[in-house]
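Only one structure is covered here, and it is reproduced in the block below.
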Amino acid sequence: MALGNFDGVHLGHQAILHDLVKTTKKKGWVPCVYTFEPHPAKVLAPKTAPLLIQTLEQKLEALEKLGVEIVILEPFDISFSHLTPEKFFHQILEKRLQPKELWVGYDFTFGVHRSGAVSILETFCKESKIALHVTTAQFANETLMSSTQIRTLIASGNVGLAAELLGRPFALIGSVVKGYGIGGKMGIHTANLHYQNELLPKTGIYITRTRIRTRDHGQWTIDQKQKKSWPSATSVGFNPTFPGKGFSVETHLIGFEGNLLDKEIEVEFLTWLREEWTFPNTETLAAQIQKDITEALKFHETLRHHR
């Protein structure tokens, strides 16, 4: 069993989970993750709690893709937060969950006021004869792989480096809702995303890749009848050429024809393209969007050549 919040399921987390899955498969055990819902900071310090990189659904999908078979979501509330490290270990882990072995990251903390450090966990595990695996800090070049670092990168628009630390692009998911129809009037249809995520990239235009999702036995999956993914260009912001329209995330799927209204899509952010600009009229805006689409196609073409 691996313990942690695993927001983003980034490459640092994946180092823990790969070892968990590999070892459990070898021993004929079931790889399991124990995590909290909601994130403890949402309960203990709601005003300063971090904006999460993934929705719960995205996190569960990422864990499943890595080979995790069971995810235990511990309901986190004030009374649970008062458990001492001793009580958490003996009552929750040892008696209730009974793991054969445990996996944690180097910075794992547990118990009231995060007072239980890895060294304390090591002592408890030794006494209870539970093997403990502690994964050291993971770096990409000299950048620490951490959820905090990735949040900072995404919020500043550096989605390219964020993708390197995540091991995949940062993605927003949600359903397509009716917009103002401005793109359609210019002959450039956009999908207006009613996003479910908390964390958003900074305002601007991005080169993206968009997947259309469909329901399968109550779960969202990628729509196999459609192309697996569409090259796209996405605007995050206030569309300043048309003031008063409010904040929106709109994506243009290049080459897609059809109606996406009420469908669920996943928009993967590949790289920053430009700031939001105010244009004097719709003609100059439409011309710039065509340039953005050309840039996006060039970028996707380069990606294909490097595969």
Side-chain angles (χ1 to χ4, degrees), residues 1-25 31-35 39 50-71 103-108 133-173 195-202 206-211 213 220-222 228-232 234 265-272 299-300 302-307:
M1 180 180 292
L3 313 175
N5 285 311
F6 298 107
D7 181 37
V9 193
H10 55 66
L11 288 177
H13 296 142
Q14 288 174 40
I16 301 169
L17 298 167
H18 285 314
D19 191 41
L20 165 79
V21 171
K22 190 173 135 194
T23 306
T24 51
K25 293 290 181 198
C32 174
V33 160
Y34 175 86
T35 188
H39 189 291
L51 297 173
L52 299 181
I53 297 164
Q54 293 171 306
T55 64
L56 177 59
E57 183 182 3
Q58 285 176 308
K59 177 157 88 169
L60 293 175
E61 281 177 9
L63 291 171
E64 187 181 0
K65 275 181 190 163
L66 290 167
V68 174
E69 291 180 31
I70 293 175
V71 178
W103 275 258
V104 295
Y106 71 101
D107 57 351
F108 179 74
H133 306 261
V134 181
T135 305
T136 55
Q138 305 290 305
F139 294 86
N141 297 321
E142 290 178 12
T143 307
L144 175 68
M145 294 173 189
S146 77
S147 301
T148 304
Q149 175 70 9
I150 291 164
R151 285 185 201 108
T152 303
L153 290 168
I154 292 164
S156 67
N158 194 345
V159 292
L161 184 50
E164 284 180 39
L165 302 187
L166 283 165
R168 67 181 177 285
F170 167 71
L172 297 178
I173 60 169
Y195 51 87
Q196 298 166 10
N197 301 66
E198 294 179 1
L199 180 67
L200 295 173
K202 84 165 194 167
Y206 294 84
I207 295 172
T208 53
R209 177 167 54 215
T210 300
R211 304 172 192 276
R213 291 153 69 90
W220 286 108
T221 57
I222 299 303
K228 203 168 180 195
S229 63
W230 296 86
S232 52
T234 300
I265 60 173
E266 178 178 46
V267 182
E268 295 182 331
F269 286 75
L270 305 179
T271 192
W272 164 265
F299 183 87
H300 279 276
T302 307
L303 270 189
R304 265 197 295 277
H305 285 312
H306 282 105
R307 273 178 194 158

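In what follows, residues are counted from 1 in the order of the sequence shown. Fair warning: this is a prediction, and the values are worked out from it, not measured in the lab.
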Ignoring hydrogens, what is the shortest heavy-atom contact between H39 and N5? Give both atom names and the distance.
NE2-ND2, 3.8 Å
Residue pair L17 / F6, side-chain heavy-atom distance below 4.5 Å
yes
Residue pair A140 / L165: nearest heavy atoms and the distance that separates them
CB-CD2, 3.5 Å
Quick one: closest heavy-atom pair of I265 and R213, and the distance?
C-CD, 4.0 Å
Scanning both residues in full, the closest heavy-atom pair of M1 with Y34 reads SD-CB, 3.7 Å
Sequence neighbours excluded - salt bridge (Lys or Arg N to Asp or Glu O under 4.0 Å) pairs with any residue from residues 1-18:
D7-R151
Would you indicate whether the side-chain heavy atoms of K59 and V71 approach each other to under 4.5 Å?
no
Hits for salt bridge (charged side-chain N to carboxylate O under 4.0 Å, His left out) against E164, two or more places apart or cross-chain, chain-then-number order -> none
Report the residues that fulfil ring-ring contact (aromatic ring centres under 6.0 Å, His included) with F108, sequence neighbours left out, ordered by chain and then residue number.
F110
Salt bridge (charged side-chain N to carboxylate O under 4.0 Å, His left out) with K22: which residues, sequence neighbours excluded?
none
Give a yes or no answer on whether the side chain of Q58 reaches the backbone of G8 with a donor-acceptor pair at less than 3.5 Å.
no
Listed partners of H10 passing ring-ring contact (aromatic ring centres under 6.0 Å, His included), at least two apart
H13
Under 4.5 Å between any side-chain heavy atoms of L270 and L303, yes or no?
yes
Indicate the atoms forming the closest heavy-atom contact of C32 with L20, along with that distance.
O-CD2, 3.7 Å
Partners meeting ring-ring contact (aromatic ring centres under 6.0 Å, His included) with Y206 (sequence neighbours left out):
F269, W272
Any idea which heavy atoms bring L199 and L172 closest together, and the distance?
O-CD2, 3.6 Å
